[in-house]
Amino acid sequence: MKALLIQPPVQDFYDTDVRLQPVGLCYLKAAVRKHLSDVEVIIKDYHGGCGRRTVAVPKELRYLTDYYPVADKSPFSTFQQYYHFGKPFDEIEAEIAEIRPDVVGISSLFTPYYREVLEVSARVKKRPNVPVIVGGSHASAAPESLLSSPNVDYVIRGEGEKPFVEFLKYLKGEQGIERLPNLAYKSRGETILNPISDNFPIEELSIPDFSDFSPTSYALAGKPMTFMITSRSCPHKCSFCSVHTTFGHNYRRRSLESVLEEIELRYRQDYRVIDFEDDNLTYYKSTFKELCRRLIAHFPNREMEFVAMNGISYLSLDEELLELMFQAGFSHLNLALVSSDKTVRETTKRPHTREAYLKVVHKAAQLGFKIVSYQILGLPNETLESMIQTLAFNARLPVLLGASPFYRTPASPIARGLDLTDKDYVKARLTAMAVETDEFRREDIYTLFITTRIINFLKGLRLSASTDVNVLLDCSWADDRTRIGFALLRLLRETNRLYFWTTKGLRENEKFEPEIFFRVLKQAGVIRCQNGQRIVVGNFHRPITWERLPMNYPAAS
């Protein structure tokens, strides 16, 4: 039997060029190799490393053309074109026909891209009698959205290793379908959901099989990168997160020995960066400290770099752990403040405090970490004022701002009771800015998103001393990016309008609300750069007469 596992392409305004390694499929391949050695498994990544091409914006997202109207060449740009990231569907169909699999499994991780999964499944079905099974986070949360297609035969909900092995046994005629754990399927026009059962114990899972890829297939800053998972699930219960839909509520972790064994293997395989994709990597601090100590001893010259792009909970960090992490080879920290407003944190069940966050940020900056702090814009229980408060709070700290407009994820606690439609699924992405309430409009979210770009532009300046923003506005800048940024900021100060910088000249950004931007700067008072210098911004807004509007700025090249 030959099983083909597919990571499908995605379509969106942007793509993340890292974090594309299909580690979940590689876990499935390793499980099959261990339990069914007579089954051949081939993994195809039709997303990463396959380029991009422009495609039409789906009708559900066409309202966004008013927010992303032109190709902005400024440092504050957001999005413009809608792309297909990955191999074209016709080429995928041709490859599947050439491989001639007996069964095809497709990964459906992210809700807004479920249609791409359905398109790949339709191409599989061009060859008759090939069953299609889909798994992943979206499959676990909304199996009916996939099984409603005539081209999807089965769905695995929850963790996939044991269910996939048992499913292959079913295809081989070794057991009945009714006993298959976690399986969803169609019978006489009805959707049948078999009960969710425990996966193989985490210590019995084979390490992911990356044999379908070379170490150079995925890279970070030019260095071969691979993913690693040391635990599954999360002990926290944040209302906007759907991790428990896939991994359950039982937080499990691997032994130190097995983690170190895998790291050593990846080093021998020529990987030089490991991205820990755990949902809560440092929850058991003492264990993670010991892991760092062993990494320091094993790679004394920092031969390996470690990152945690999925984020680290600052509640589980302390000074000793930060020092050990830095010595072990961590250089970046992705933190999730979500909101500095105590009420918002409590209603979203975030078990965190602002004081703990500040301690971590100050110590990490002192050690030399590059820090990104993520804020969710537009949580249903937020107000515009609370979002401004959080943005201003982080602006004063030596962190880059990572703003993520809120979207509803199926099966997350915050979406329970909502009858989400296909349209909602397509809009479940940060680029959609899909959620508006009585407290804020889409223009407000968009303006705050642009504001983070402007603040990060200022935070990235390599200043030798603290200064006032108005002094910087009057400086001459040699490099084009900085020159363009300050030219647009001068216009914003003098006209109360932000402009796009395009190949055809300036064009006003009509969806940007300057007064919200000025409120953020006034509340912040100062912006702390990444190198620790301060920029006074509280007096940025200095309107002058319309006659002084300079309209002779050159077009972008």
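Note that the structure is predicted; figures quoted are calculated from it, not measured.
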One pair to check against side-chain contact (heavy atoms from CB on, under 4.5 Å): F210 and Y218. What are the steps and the verdict? CA-CA 11 Å; F210 296 144; Y218 309 94; over 6 Å; no

Stepwise side-chain contact (heavy atoms from CB on, under 4.5 Å) test for T282 and L321: CA-CA 9 Å; T282 57; L321 180 51; 4.2 Å; yes

Run the side-chain contact (heavy atoms from CB on, under 4.5 Å) test on M228 and L281 for me, step by step, so that the C-alpha distance in whole Å, both residues' side-chain angles and the decisive distance to 0.1 Å come before the verdict. CA-CA 11 Å; M228 185 175 295; L281 178 64; over 6 Å; no

Carefully, step by step, assess S231 and Y284 under the rule side chain to side chain donor-acceptor pair (under 3.5 Å). CA-CA 11 Å; S231 63; Y284 287 98; over 6 Å; no

Would you please test T287 and R253 for side chain to side chain donor-acceptor pair (under 3.5 Å) and show each step? CA-CA 10 Å; T287 303; R253 55 192 175 127; 2.7 Å; yes

Going through the distances and angles, do S313 and N280 end up as a side chain to side chain donor-acceptor pair (under 3.5 Å)? CA-CA 7 Å; S313 171; N280 204 314; 4.8 Å; no

Audit row: Q11, E116, side chain to side chain donor-acceptor pair (under 3.5 Å) steps and yes/no: CA-CA 8 Å; Q11 295 182 354; E116 289 87 304; 5.5 Å; no

Give the intermediate values and the outcome of salt bridge (charged side-chain N to carboxylate O under 4.0 Å, His left out) for residues D209 and K34. CA-CA 11 Å; D209 185 337; K34 177 178 179 179; over 6 Å; no

Does the pair R19 and E277 meet the rule for a salt bridge (charged side-chain N to carboxylate O under 4.0 Å, His left out), with working shown? CA-CA 9 Å; R19 300 184 70 190; E277 281 287 307; 2.9 Å; yes

Determine, step by step, whether V134 and S121 satisfy the side-chain contact (heavy atoms from CB on, under 4.5 Å) criterion, reporting the C-alpha distance in whole Å, the side-chain angles of both residues, the deciding distance to 0.1 Å, and the verdict. CA-CA 9 Å; V134 180; S121 67; 5.7 Å; no

Go through R123 and E93 one step at a time and tell me if the salt bridge (charged side-chain N to carboxylate O under 4.0 Å, His left out) criterion holds. CA-CA 5 Å; R123 302 306 180 107; E93 180 182 336; 2.9 Å; yes

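A donor-acceptor contact shorter than 3.5 Å is absent between the side chain of S37 and the backbone of R33. Listed for the Q269 side chain is no donor-acceptor partner under 3.5 Å among the backbone atoms of P215. Proximity of a side-chain donor or acceptor of N194 to a complementary backbone N or O of L180 within less than 3.5 Å is detected. Put simply, the side chain of S149 never gets that close to the backbone of L146: no donor and acceptor are under 3.5 Å apart. Using a distance-only test at 3.5 Å, with no hydrogens or angles considered, a donor-acceptor pair links the side chain of K29 to the main chain of V41. Proximity of a side-chain donor or acceptor of N456 to a complementary backbone N or O of R453 within less than 3.5 Å is not detected. Counting only distance, with no hydrogens or angles, the side chain of E60 and the backbone of V426 share no donor-acceptor pair below 3.5 Å. A distance-only check finds no donor-acceptor pair linking the side chain of D275 to the backbone of F227 [under 3.5 Å]. Without hydrogens or angle criteria, D102 side chain to K2 main chain gives a donor-acceptor distance under 3.5 Å. Y425 places no side-chain N or O within 3.5 Å of a backbone atom of Y114 that could act as its donor or acceptor partner.
Atom CZ of R127 has more than 12 neighbouring heavy atoms from other residues, nucleotides or ligands inside a 6.0 Å radius. Residue-environment remark: NZ (K126) exceeds the threshold of 12 foreign heavy atoms within 6.0 Å. For E98, the CD atom counts as loosely surrounded, since its 6.0 Å shell holds 12 or fewer non-hydrogen atoms of other residues, nucleotides or ligands. Atom CG of D66 sits in a crowded spot, with more than 12 heavy atoms from other residues, nucleotides or ligands closer than 6.0 Å. Annotation for E144: atom CD counts as buried by contact number, over 12 foreign heavy atoms lying within 6.0 Å.
Taking the ring axis of Y27 as reference, the NZ or CZ atom of R232 stays within 45° of it and closer than 6.0 Å to the ring centre. A cation-pi geometry, defined here as NZ or CZ lying under 6.0 Å from the six-membered ring centre and within 45° of its normal, holds between R272 and Y267.
Ring planes of F164 and F167: parallel class, angle under 30° (limits at 30 and 60°). The aromatic rings of H35 and F200 lie parallel to each other, with less than 30° between the two planes, well short of the 60° mark. The aromatic rings of Y283 and Y251 sit perpendicular to each other, their planes meeting at more than 60°, with 30° as the lower class boundary. Ring geometry for H84 versus F89: interplanar angle over 60°, hence perpendicular rather than tilted (30 to 60°). Taking the six-membered ring where the residue is Trp, F79 and Y68 present perpendicular rings, their angle passing 60° and hence far from 30°.
Considering CD1 of I274 and OG1 of T230, their distance stands at 11.0 Å, rounded to 0.5 Å. In this structure, L448 CG and F440 CZ are separated by 10.0 Å, a value rounded to the nearest 0.5 Å. The structure places CZ of R266 at 13.0 Å from CE of M225, a figure rounded to the nearest 0.5 Å. Here D198 contributes atom CG and N250 contributes atom CG; the two are 7.5 Å apart, rounded to the nearest 0.5 Å. For the atom pair CZ (F213) and CG (L20), the distance works out to 11.0 Å, reported to the nearest 0.5 Å.
Between H138 and Y113, the distance separating the two ring centers is not shorter than 6.0 angstrom.
Contacts classified as salt bridge (charged side-chain N to carboxylate O under 4.0 Å, His left out) and involving residues 42-52 (residues at least two apart or in different chains) are given here: K44-E95.
Test R115, R429, K427 against D12 for salt bridge (charged side-chain N to carboxylate O under 4.0 Å, His left out) and you get one pass: R429. Tested against F13 for a ring-ring contact (aromatic ring centres under 6.0 Å, His included), the candidates Y82, F85, Y83 yield a single pass: Y82.
Side-chain atoms of V152 and V117, non-hydrogen and from C-beta on, never get closer than 4.5 Å to each other. Here the side chains of E166 and I156 are not in contact, with every heavy-atom distance at 4.5 Å or above. Looking at heavy atoms from C-beta onward, P208 lies in side-chain contact with E262 at the 4.5 angstrom threshold. Looking at I42 and P101, their side chains never come closer than 4.5 Å, going by heavy atoms from C-beta outward. Looking only at side-chain heavy atoms (C-beta outward), L256 and R294 come within less than 4.5 Å of each other. Here the side chains of R252 and S233 are in contact, with some heavy-atom distance below 4.5 Å. Taking 4.5 Å as the limit, every side-chain heavy atom of L401 sits out of range of all side-chain heavy atoms of Q375. The shortest side-chain heavy-atom distance between L36 and V165 falls under the 4.5 Å cut-off.
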Give the table of side-chain donor-acceptor pairs shorter than 3.5 Å for residues 402-413, with sequence neighbours excluded, one pair per line with atom names and distance.
unit_1: S412; atom_1: OG; unit_2: T409; atom_2: O; d: 2.7

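The pair D278-R254 does not count as a salt bridge, with every side-chain nitrogen at least 4.0 angstrom from each carboxylate oxygen.
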